Amino acid sequence: MGEVLRLWNCSEVCSFPLLRPTVLQLSKHSKHVANSELSKKESKFMGHSLHGSYEAVQAILQKMQDAGFKPNSSSITSVLQAVTELCFLKHGKEIHSFVLRNGLDDYDVYVGTSLVDMYVKNNCLSSAQNVFINMKNKNIFAWNSLISGYSFKGLFEDAERLLDSIGEEGIKPNLVTWNGLVSGYAMWGRHKEALSTIHRIKSSGLTPNVVSWTALISGCSQNENYADSLKFFIQMQEECIRANSATISILLKACAGLSLLHKGEEIHCLCIRKGFVEDIFVATGLINMYSKSGKFKSAHEVFRKIKNKTLASWNCMIMAFATYGFGKEAISLFDEMRGAGVQPDAITFTALLSGCKNSGLVDEGWKLFDSMSTDYNIAPTIEHFSCMVDLLGRASYLDEAWDFIQTMPLKPDATIWGAFLASCRIHKNLAFAEIAAKNLFKLEPHNPANYVLMMNLYSMSNRWDDVERLKDLMKNAGVKNGLVWSWIQIDQAIHMFSAEGKPHTDAGKIYFELYHLVHEMKKLGYEPDISCVHQNIDEVEKKKLLLSHTEKLAITFGLMNRKSGEPIRVIKNTRVCSDCHTAAKYMSLVRKCEIFMKDGIRFHHFREGECTCNDCW
DNA sequence: CTAGGGTTAG
């Protein structure tokens with residue numbers, strides 16, 4: 001940045017067309033680059049030079065004016081492009097008024113289009129529309145910019161209206177126009193409309209391309225609708241549209257979200273064949289996919305092979321270490337990252353702090369939390385505060401966590417109280433838990449998880465009146481315990497276990513096996529934790545009920561069907577109960593088998609009677 | 001000068 005600033009301040013910059021000399025000085029390749037042929041990278045560089053030195057830019061603009069230079073539309077356009085890409089609305093507005101002040105025509109096709117685009121990308125639709133309306137000659141680019149602007153804001157009536165009126169100007173919508181609409185619909189969770197827009201592309205005589213389909217698939221992914229992502233990917237292949245690395249990176253995200261390890265591995269093979277592994281987005285997606293599907297080793301391998309690691313790939317790997325309870329390793333990877341000259345961001349610290357909390361590294365956590373603002377000038381966000389509450393609370397420093405909440409500069413939200421409540425449950429502190437719950441019931445009255453945690457605490461202390469009171473509270477607030485399910489993949493089939501749905505076809509055999517298993521587990525010291533049952537029934541009934549928990553059934557089924565040496569991978573949609581957590585540890589011990597479980601909150605890796613979460617979850 | 005891509009979170 002220092003060097004750029006110096007360039008901006010030197011006087012020879014002042015020859016027009018605006019800014020070109022600077023770009024030429026910055027450009028490594030050519031001294032004869034025409035302004036209109038600036039590469040994206042160079043425009044970005046210009047943007048960087050604008051950043052933080054806007055006063056200098058203004059001074060130069062003034063100087064140029066005084067010297068009688070006139071900027072032309074192409075120079076204005078390249079500045080606007082840079083400003084747009086970096087989302088410097090303030091600077092964009094300045095340039096707009098500079099254009100007006102200096103008698104440049106802001107209705108010029110090029111200037112107009114880049115102004116529309118700048119306002120659209122900076123969330124100023126009304127200004128974009130004003131410029132648009134005043135443009136004398138509108139080309140398809142201006143239309144597309146505005147239509148996608150409305151579409152991304154979810155204003156589909158306006159977007160469709162614009163689409164209809166394109167024709168009146170004698171212009172035909174192109175694929176980009178349509179793709180903007182597809183993308184908007186998909187992003188807003190309106191997959192049906194997105195898909196029907198793809199069909200509309202066909203009826204307009206064009207052929208939907210990989211971008212159209214990728215937009216649809218990406219929208220599903222963004223809405224955590226991973227199953228549809230995969231469904232539409234198949235549909236895309238049926239239409240003979242080839243995936244590119246962008247499509248693949250989204251698919252990897254979908255596989256990660258569903259912990260579909262086998263599908264992810266398949267895609268990895270495809271990536272190697274097609275050379276997509278070279279793409280940094282794909283590589284990062286692979287790390288994430290392996291990390292979330294329980295194959296830490298593969299995640300690490302992919303990471304080590306990346307030649308030009310980006311901040312995101314470092315972050316992703318630090319998070320993987322954190323997830324698997326390798327807090328110290330996460331921190332040394334952070335040191336390695338800094339050694340490589342990569343500056344951390346807020347996400348890096350979320351990952352690091354979460355690594356500390358999963359490994360109980362309280363001192364290291366404090367150090368990192370402090371160094372964020374002092375050494376890296378990154379203001380801690382609510383997530384970082386929440387991590388700290390979690391870190392302190394889990395390590396049994398409940399009083400410190402309480403003080404931390406009282407003194408933090410941000411208003412504690414549900415994540416803060418949620419972290420505190422979870423710690424109270426672990427350390428069985430009912431008094432603190434009740435305060436946390438009171439806040440949580442106010443902040444998110446419809447989240448069943450909070451009620452369940454509290455019931456857990458009350459039933460531990462045999463306070464059945466309070467359990468009933470909470471059940472009534474839930475009922476009155478209209479909170480329903482969502483469906484609870486666990487599943488496991490055996491060969492190509494997914495086996496679902498749900499308390500509400502149909503029992504598994506092999507239910508009899510599974511229960512038979514489970515009884516045997518529990519018998520063996522008890523020999524090694526397993527004791528059913530009946531506090532997980534919130535009904536006031538007798539002990540034998542409670543123990544029976546515990547056996548029907550979906551995760552136990554899924555693991556048992558996995559043990560019955562696994563190939564020797566293969567770990568078991570179970571996915572559950574809600575937080576694992578503490579009895580099932582203990583049971584899984586004993587199961588891994590008895591059957592000498594690694595068990596991987598992804599629950600609604602985090603990842604557990606059971607091995608030889610231990611879990612990577614260190615019993616805090 | 002216009003369209004699609006990765007990372008955190010109780």
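Below, each value reflects all heavy atoms present in this structure, side chains not excepted, and no hydrogens, waters or symmetry copies. Numbers restart at 1 for each chain; the letters A, B, ... are given by sequence-line order, proteins then strands. Please read all numbers here as calculations on a predicted model, not as lab measurements.
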Salt-bridged, [X] to [Y], with N to O below 4.0 Å?
X	Y	value
A:Asp599	A:Lys572	no
A:Lys202	A:Glu239	yes
A:Lys253	A:Glu224	no

The side chain of [X] lies closest to which of these nucleotides: [options]?
X	options	value
A:Ala246	B:dG5, B:dA9, B:dT7	B:dG5
A:Cys316	B:dG5, B:dT7, B:dG10	B:dT7
A:Glu444	B:dG10, B:dT7, B:dA3	B:dG10
A:Phe141	B:dT8, B:dG10, B:dT2	B:dT2
A:Ser249	B:dG10, B:dG5, B:dA3	B:dG5
A:Asn315	B:dG10, B:dA9, B:dT7	B:dT7
A:Asp390	B:dG10, B:dG6, B:dC1	B:dG10

Heavy atoms under 4.0 Å, any strand shown: does [X] hit a base, just sugar-phosphate, or nothing?
X	result
A:Leu440	base
A:Ser423	nothing
A:Ser218	sugar-phosphate
A:Lys292	sugar-phosphate
A:Asp345	nothing
A:Phe152	sugar-phosphate
A:Thr247	nothing

Tell me if the [atom1] atom of [X] is crowded by more than 12 foreign heavy atoms within 6.0 Å.
X	atom1	result
A:Lys428	NZ	no
A:Glu336	CD	yes
A:Tyr397	OH	no
A:Arg304	CZ	yes

Where do A:Phe441 and A:Tyr451 land on the ring-ring contact (aromatic ring centres under 6.0 Å, His included) test, with the steps shown first?
-> CA-CA 8 Å; A:Phe441 294 158; A:Tyr451 297 90; 4.4 Å; yes
Could you give me the CA-CA distance, side-chain angles and deciding distance for A:Thr247 and A:Trp213, then say whether side-chain contact (heavy atoms from CB on, under 4.5 Å) is met?
-> CA-CA 8 Å; A:Thr247 326; A:Trp213 285 97; over 6 Å; no
Sole candidate of A:Asn288, A:Leu333, A:Ile306 that passes side chain to side chain contact (heavy atoms under 4.5 Å, CB included) when paired with A:Met317 = A:Leu333
Decide yes or no on side-chain contact (heavy atoms from CB on, under 4.5 Å) for A:Phe233 and A:Ser229, but give the supporting numbers first.
-> CA-CA 6 Å; A:Phe233 174 58; A:Ser229 285; over 6 Å; no
Please list, by residue number, the residues of [range] whose heavy atoms come closer than 4.0 Å to an atom of DNA chain B; answer none if no residue qualifies.
range	result
residues 274-289 of chain A	A:Asp279, A:Phe281, A:Thr284, A:Asn288
residues 175-188 of chain A	A:Val176, A:Asn179, A:Ser183
residues 413-420 of chain A	A:Ala414, A:Thr415, A:Gly418, A:Ala419

Do A:Thr381 and A:His384 meet the criterion of a side-chain donor-acceptor pair at a distance under 3.5 Å?
-> yes
Check: A:Ser218/A:Gln222 side-chain N/O donor and acceptor closer than 3.5 Å | yes
Using whole Å, report how far [atom1] of [X] lies from [atom2] of [N].
X	N	atom1	atom2	result
A:Asp599	B:dA9	CG	P	13 Å
A:Leu251	B:dG5	CG	P	13 Å
A:Leu443	B:dA9	CG	P	21 Å
A:Phe603	B:dA9	CZ	C1'	12 Å
A:Ile306	B:dG6	CD1	P	15 Å
A:Ile166	B:dT2	CD1	C1'	11 Å
A:Leu353	B:dT7	CG	P	20 Å
A:Arg394	B:dA9	CZ	P	11 Å

Between the base of B:dG5 and the side chain of A:Gln222, is there any donor-acceptor pair under 3.5 Å?
-> no
On a plain distance test, is the side chain of A:Ser245 in donor-acceptor contact with the base of B:dG5 below 3.5 Å?
-> yes
Between B:dT7 and A:Lys253, is there an OP1 or OP2 to side-chain N/O distance shorter than 4.0 Å?
-> yes
Measure from NZ or CZ of A:Lys309 to the centre of the six-membered ring of A:Phe303 and say whether it is under 6.0 Å with the direction within 45° of the ring axis.
-> yes
